[in-house]
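I have placed the structure first, in the form of structure tokens, so that the comments after it can refer back to it.
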Amino acid sequence: MKFAAAALCATPFAGLAQAPQPAPIRLALIESMSGPFANTGEAVFRNLQWAVERVNARGGVKLAGGARPLQLDRYDSKGQNEEALSALRAAMDDGTRIVLQGNSSVTAAALIDAIDKNNERDPSRRAIFLNYSAVDPVLTNERCSFWHFRFDAHADMRVAALMDVVKDDAALKRVYLIGQDYSFGQAVLRESRRQLGVQRPDVEIVGDELHPMGKVKDFAPYATKILASGAQAVVTGNWGNDLTLLVKAAREAGFNGSFYTFYGNALGAPAAIGDAGIGRVVAVADWLPNVQTPQSEAFYRAFRTRFPRPADDYVHMRMQLLVESLAQALERAGSTEAVPLARALEQADVSLYGQRGRMRAADHQFQQQLVVGVMDKQGKPGVQFDVEGSGYGFRVIKTIAPERAEQPTSCKMKRP
């Protein structure tokens with residue numbers, strides 16, 4: 001089922017003619033809106049909806065024929081690849097040529113493959129794919145595509161940022177690796193093993209396992225193994241309920257070590273961990289609410305004004321930069337056609353509330369700074385804002401500049 005994010009027409013007064021409204025530029029969000037990861041899909045929708053509203057509030061996208069608003073339509077993938085591909089077909093039939101997805105690298109790979117084939121087979125219906133969270137490194141390396149653009153740092157970049165913190169923790173001697181059993185989870189563990197071997201060869205990996213994604217309801221057996229291993233820290237790329245349930249089970253089992261995470265700063269994880277996470281749960285992101293600049297604070301306050309419920313407190317700068325990059329590229333291309341739009345996106349260079357990002361044309365991997373934060377109580381130095389009303393926030397302990405976060409690519413892109 002598909003829903004539009006915003007109504008674009010008003011009911012006319014009786015007897016008064018209205019000028020035709022400009023046709024919106026339609027964006028298709030293909031994401032889990034039901035099932036075990038529905039909360040992540042809804043959180044993404046709020047972020048993108050807010051970004052679209054900001055572009056439309058300033059008059060929309062200026063094209064040769066006049067300014068046009070953006071319209072965000074949502075399609076439920078139900079967490080299944082076949083459903084995602086069906087949603088893609090529905091979006092294309094609805095006239096949409098700009099597709100957004102990110103909460104699964106496996107789904108992203110399937111969409112990239114389908115869009116590649118569609119664009120080669122039917123040049124009159126070409127589409128582009130904007131990815132905000134699918135971070136399997138292969139998507140901008142071996143499997144890079146001219147039609148795909150990633151706006152999140154990929155897994156290897158995020159692992160490198162976490163290891164920048166790990167290497168300074170001299171007391172750490174034993175680490176447990178655990179992740180979801182699909183391409184992204186596998187990539188996180190693979191790169192963690194490699195980087196630990198390079199940066200901390202003295203650290204022993206005392207556990208290394210994968211679990212089914214979205215299917216484990218009770219993580220107590222995993223928590224028991226973590227505790228029995230003598231691990232001082234856990235490294236995981238888990239997200240959504242798989243992360244929340246894991247950290248909750250570990251806390252209940254009595255694990256007092258650290259968690260090095262990609263997504264430990266949201267979606268229920270801080271509240272589930274509680275005081276046990278203070279100084280122990282580490283998260284890497286493109287931005288965190290407690291980045292201590294006036295612009296960052298204004299950005300976060302603006303989002304909370306738009307979405308004041310604590311349960312809706314899930315904001316990502318990269319999703320805002322994605323929509324800003326799209327608006328910039330549409331105006332630069334002067335067209336919604338896929339080829340000129342993709343070429344313009346390759347040149348994207350945008351700033352918002354003091355955060356800058358640019359697209360690397362060689363592989364379509366967005367380049368921006370990364371930050372690492374550690375969990376602490378709200379009100380402590382550097383923790384002005386908490387997460388989801390939990391009373392816990394993340395204090396920034398390391399900032400990685402874009403030039404340091406950047407990594408080489410093996411992409412050999414085929415261009416039209």
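A donor atom on one side chain and an acceptor atom on the other are found under 3.5 Å apart for Tyr132 and Glu31. A donor-acceptor contact under 3.5 angstrom links the side chains of His211 and Asn238, judged on distance only. No hydrogens or angles considered: nothing links the side chains of Trp287 and Gln368 as a donor-acceptor pair under 3.5 Å. Between the side chains of Glu209 and Tyr176, at least one donor N or O lies within less than 3.5 Å of an accepting N or O. Side-chain contact, Gln186 with Asp181: a donor N or O sits under 3.5 Å from an acceptor N or O.
Between the side chain of Asn290 and the backbone N or O of Phe385 there is at least one donor-acceptor pair closer than 3.5 Å. Counting only distance, with no hydrogens or angles, the side chain of Glu331 and the backbone of Lys62 share a donor-acceptor pair below 3.5 Å. A donor-acceptor pair is defined here as one N or O able to donate and one able to accept, closer than 3.5 Å; no such pair exists between the side chain of Thr399 and the backbone of Val371. In this structure, Ser258 contributes its side chain and Val282 its backbone to no donor-acceptor pair below 3.5 Å. Side-chain atoms of Ser390 do not come within 3.5 Å of backbone N or O of Ala271 as any donor-acceptor pair.
For Glu403, the CD atom sits in a packed shell: over 12 heavy atoms of surrounding residues, nucleotides or ligands are nearer than 6.0 Å. Around atom CZ of Arg200, more than 12 heavy atoms belonging to other residues, nucleotides or ligands sit under 6.0 Å away. No more than 12 heavy-atom neighbours from other residues, nucleotides or ligands sit within 6.0 angstrom of CD on Glu120. Counting heavy atoms of neighbouring residues, nucleotides and ligands inside a 6.0 Å radius, atom CD of Gln295 exceeds 12 of them.
By the 4.0 Å N-to-carboxylate-O rule, Asp93 lies close enough to Arg125 to be salt-bridged with it. Ion pairing between a basic and an acidic side chain is recognised when a charged N comes within 4.0 Å of a carboxylate O; Arg404 and Asp164 show such pairing. Note on Lys117 versus Asp113: salt bridge recorded, some NZ/NE/NH1/NH2 to OD/OE distance being below 4.0 Å.
A cation-pi contact links Arg54 to Trp50, judged by a cut-off of 6.0 Å to the six-membered ring centre and 45° from its axis.
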Test Glu406 against Arg358 for salt bridge (charged side-chain N to carboxylate O under 4.0 Å, His left out), laying out the working first. CA-CA 11 Å; Glu406 189 169 0; Arg358 63 173 182 84; 3.2 Å; yes
Apply the test salt bridge (charged side-chain N to carboxylate O under 4.0 Å, His left out) to residues Arg74 and Glu42: give CA-CA distance (whole Å), side-chain angles for both, the deciding distance (0.1 Å), then the verdict. CA-CA 10 Å; Arg74 45 193 274 171; Glu42 292 292 349; 2.6 Å; yes
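For the residue pair Gln347 and Arg343, the shortest heavy atom distance occurs at NE2-O, 3.5 Å. Residues Asp313 and Asp386 approach most closely at OD2-O, 3.5 Å, considering heavy atoms. In this structure, Ala187 and Asp156 approach most closely via the heavy-atom pair O-OD1, 4.4 Å. Of all heavy-atom pairs between Leu341 and Thr336, the closest is CD2-O, 4.3 Å.
For the salt bridge (charged side-chain N to carboxylate O under 4.0 Å, His left out) with Glu324, the lone residue among Arg318, Arg58, Arg356 that qualifies is Arg58. For the side-chain contact (heavy atoms from CB on, under 4.5 Å) criterion with Asp286, the lone passing option out of Met319, Gln369, Met157, Arg158 is Arg158.
Ring-plane geometry between Phe262 and Phe184 is classed as perpendicular, the angle between the planes exceeding 60 degrees on a 0 to 90 degree scale with a lower cut at 30. The aromatic rings of Phe219 and Tyr222 sit tilted relative to each other, their planes meeting at an angle between 30° and 60°. The aromatic rings of Tyr314 and His316 sit perpendicular to each other, their planes meeting at more than 60°, with 30° as the lower class boundary.
Remark: Asp275 pairs with Tyr392 by the side-chain hydrogen bond (donor to acceptor under 3.5 Å, both in side chains) rule, at least two apart or across chains.
Taking the six-membered ring for Trp and the full ring otherwise, Phe303 and Phe307 have centroids separated by under 6.0 Å.
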